[in-house]
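Single-structure report; data block below.
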Amino acid sequence: MSTAETNWAMSEADDFSSIVDRSRSGSAKWLSMFEGKADVPKGIVPFSVADMDFACVSEIAGGLRRYLEDAVLGYTLPTEEYWDSVVGWFSRRHSWEVSKDHICLSPGVVRAVFTAVRAYARPGDGIIVQTPGYYSFYRAVELSERVLVRNPLAERGGRWRIDFDDLAAKARDPQNKVLLFCSPHNSTGRAWERWELERVAQIAVDNGLIVVSDEIHFDLVMPGHQHTVFSTLGPEAADRSVVCTAPSKTFNLAGMATSNIVIENEQLRAAYTVAQEKSGFFSLNVLGYEACRLAYTQGESWLEGLIDLVSANHGLVAKKLRERIPEVRVFDLKGTYLQWMDFRSLGLGAAELERINVEEALVFFDEGTLFGPEGEGYERMNLASPIGVVEAAVERLADAYRGVRNL
């Protein structure tokens with residue numbers, strides 16, 4: 001076992017070189033790893049579900065401890081300090097000026113997507129999803145008895161692109177009501193350029209399509225790249241869009257179940273609110289409010305360190321796999337901390353890829369097939385992990401595929 005794998009200690013505050021052992025904490029990601037392989041050796045971490053194994057941001061952890069000293073954990077609504085932190089973050093990080101009156105609270109972006117699908121489409125209506133895409137989009141459509149309409153992304157020259165002609169054709173069908181849009185894109189790691197977003201917006205405006213833009217990763221854009229919030233494209237785009245945000249990916253706060261959904265159009269906001277109320281929603285987690293406020297007012301320097309780490313991990317994975325398994329293509333990462341990789345040149349089926357990854361390499365990725373049939377032969381790796389742990393995993397991966405490569 002490498003030195004990196006044995007570096008197994010409770011991390012100190014804001015330490016990106018160590019991980020927290022979550023094997024007994026109920027972590028969904030870790031439980032899934034043990035379900036896949038019960039005898040995982042100590043020192044192995046999963047690279048699947050999009051959360052992090054770092055200790056909580058010290059300013060958030062310390063702030064919550066102080067808050068709990070005299071807090072009453074009853075029914076709680078957002079304070080002015082909460083709204084100021086959210087609106088201030090949008091303005092400071094994204095040059096996005098938002099009125100608090102346009103924000104709908106949600107226990108999560110996935111819940112918001114489910115709510116939006118019910119609000120803006122009837123059973124049997126079409127919902128356009130770009131594939132390979134985030135698997136919860138598929139569930140939101142299918143479990144709501146709407147019709148999944150695929151708009152496959154096209155990969156050319158190592159770059160994933162929107163098929164605008166196909167998107168426009170499907171948007172022209174009056175039965176198709178909503179586009180579930182992911183920006184930055186999960187799974188491919190694209191941070192869409194402004195001209196691409198403008199074309200999507202124009203197609204939506206021309207065809208009366210509502211765009212539900214999942215921007216949960218909007219803070220996680222790599223150095224040298226920029227994220228454009230969909231509703232900042234102009235009044236017409238803002239009038240047809242629902243922008244889903246949260247501090248959860250940015251600061252590893254998914255368990256706090258706190259999201260801010262921005263809907264500028266009054267009619268769209270009213271329809272969303274009615275659909276949400278029908279699910280019994282009343283308020284958010286009392287600690288979620290405070291965690292979000294602390295993150296958006298005190299967590300910025302931690303975020304900059306995280307982005308630097310993810311960028312370094314991307315560079316390491318690309319370099320090591322180019323050297324050790326050149327058949328595997330590592331796509332450029334512009335947004336998210338999720339690395340998309342193409343294993344198809346190895347000539348292995350999805351089941352065999354997963355077997356080698358789990359049983360021989362001891363790497364636990366999200367298999368590409370989770371993101372739709374278009375993802376077969378691909379793997380998604382969570383890079384929000386110490387660089388030494390990532391390096392050790394890539395070395396195990398290269399060793400495991402040494403005997404099966406098609407040279």
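As a basis for the values below, the full set of heavy atoms in this structure was taken, side chains included, without hydrogen atoms, waters or symmetry mates. Note that the coordinates shown come from a computational prediction; the quantities given were computed from them, not determined experimentally.
Without hydrogens or angle criteria, Asn313 side chain to Leu383 main chain gives a donor-acceptor distance under 3.5 Å. Side chain of Ser99 to backbone of Asp101: a donor-acceptor contact under 3.5 angstrom is found.
Using a cutoff of 4.0 Å between basic side-chain nitrogens and carboxylate oxygens, Arg150 and Asp166 are not scored as salt-bridged.
Summarising the geometry, atom CD belonging to Glu81 is positioned 9.0 Å from atom CD belonging to Glu290; distances are rounded to the nearest 0.5 Å. Gln226 contributes atom CD, which lies 7.5 Å from atom OG of Ser95 (distance to the nearest 0.5 angstrom). One distance of note links SG of Cys244 with CD1 of Ile263; it measures 7.5 Å at 0.5 Å rounding. Rounded to the nearest 0.5 angstrom, Phe90 CZ and Tyr296 OH are separated by 5.5 Å. Residue Glu266 holds its CD atom at 11.0 Å from CG of Asp239, rounded to the nearest 0.5 Å. To the nearest 0.5 Å, the span separating CD on Glu327 from OG on Ser345 amounts to 7.0 Å.
Annotation: side chain of Glu59 is not in contact with side chain of Thr297 (no heavy-atom distance under 4.5 Å). Two residues are said to be in side-chain contact when any heavy atoms from C-beta on lie closer than 4.5 Å; Phe364 and Val40 meet this criterion.
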Side chain to side chain donor-acceptor pair (under 3.5 Å) between Ser183 and Glu215, intermediate numbers included: CA-CA 5 Å; Ser183 179; Glu215 304 194 20; 4.9 Å; no
Full working for side chain to side chain donor-acceptor pair (under 3.5 Å) between His314 and Ser311: CA-CA 5 Å; His314 164 67; Ser311 180; over 6 Å; no
Derivation of the side chain to side chain donor-acceptor pair (under 3.5 Å) call for Thr369 and Glu376: CA-CA 5 Å; Thr369 50; Glu376 183 167 356; over 6 Å; no
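In summary, the aromatic rings of Tyr289 and Tyr82 are positioned with their centroids under 6.0 Å apart. The ring of Phe343 has its center closer than 6.0 angstrom to the ring center of Tyr401. Here Trp30 and Phe47 keep their ring centres 6.0 angstrom or further from each other. Ring to ring, Trp302 and Phe16 are close: their centroids are under 6.0 angstrom apart. In summary, the aromatic rings of Trp96 and Phe230 are positioned with their centroids too far apart to meet the 6.0 Å limit. Residues Trp192 and Phe218 place their aromatic rings such that the two centres sit no closer than 6.0 Å.
Each of Leu294, Thr258, Ile60 was evaluated against Leu253; a single residue qualifies, Ile60, per the side-chain contact (heavy atoms from CB on, under 4.5 Å) test.
The environment of NZ in Lys37 is crowded: more than 12 heavy-atom neighbours from other residues, nucleotides or ligands sit within 6.0 Å. At most 12 heavy atoms of other shown residues, nucleotides or ligands fall within 6.0 angstrom of atom CD in Glu236. Counting heavy-atom neighbours within 6.0 Å of Arg139 CZ, excluding the residue itself, gives a total of 12 or less. In this structure, Gln175 places its CD atom where more than 12 heavy-atom neighbours from other residues, nucleotides or ligands lie under 6.0 Å away. In this structure, Glu145 places its CD atom where only 12 or fewer heavy-atom neighbours from other residues, nucleotides or ligands lie under 6.0 Å away. The number of heavy atoms from other shown groups lying within 6.0 Å of CZ (Arg122) does not exceed 12.
With no hydrogens or angles considered, a side-chain donor-acceptor pair links Thr131 and Glu374 at under 3.5 Å.
Across all non-hydrogen atoms, the minimal contact from Leu303 to Arg93 is CD2-NH2, 3.5 Å.
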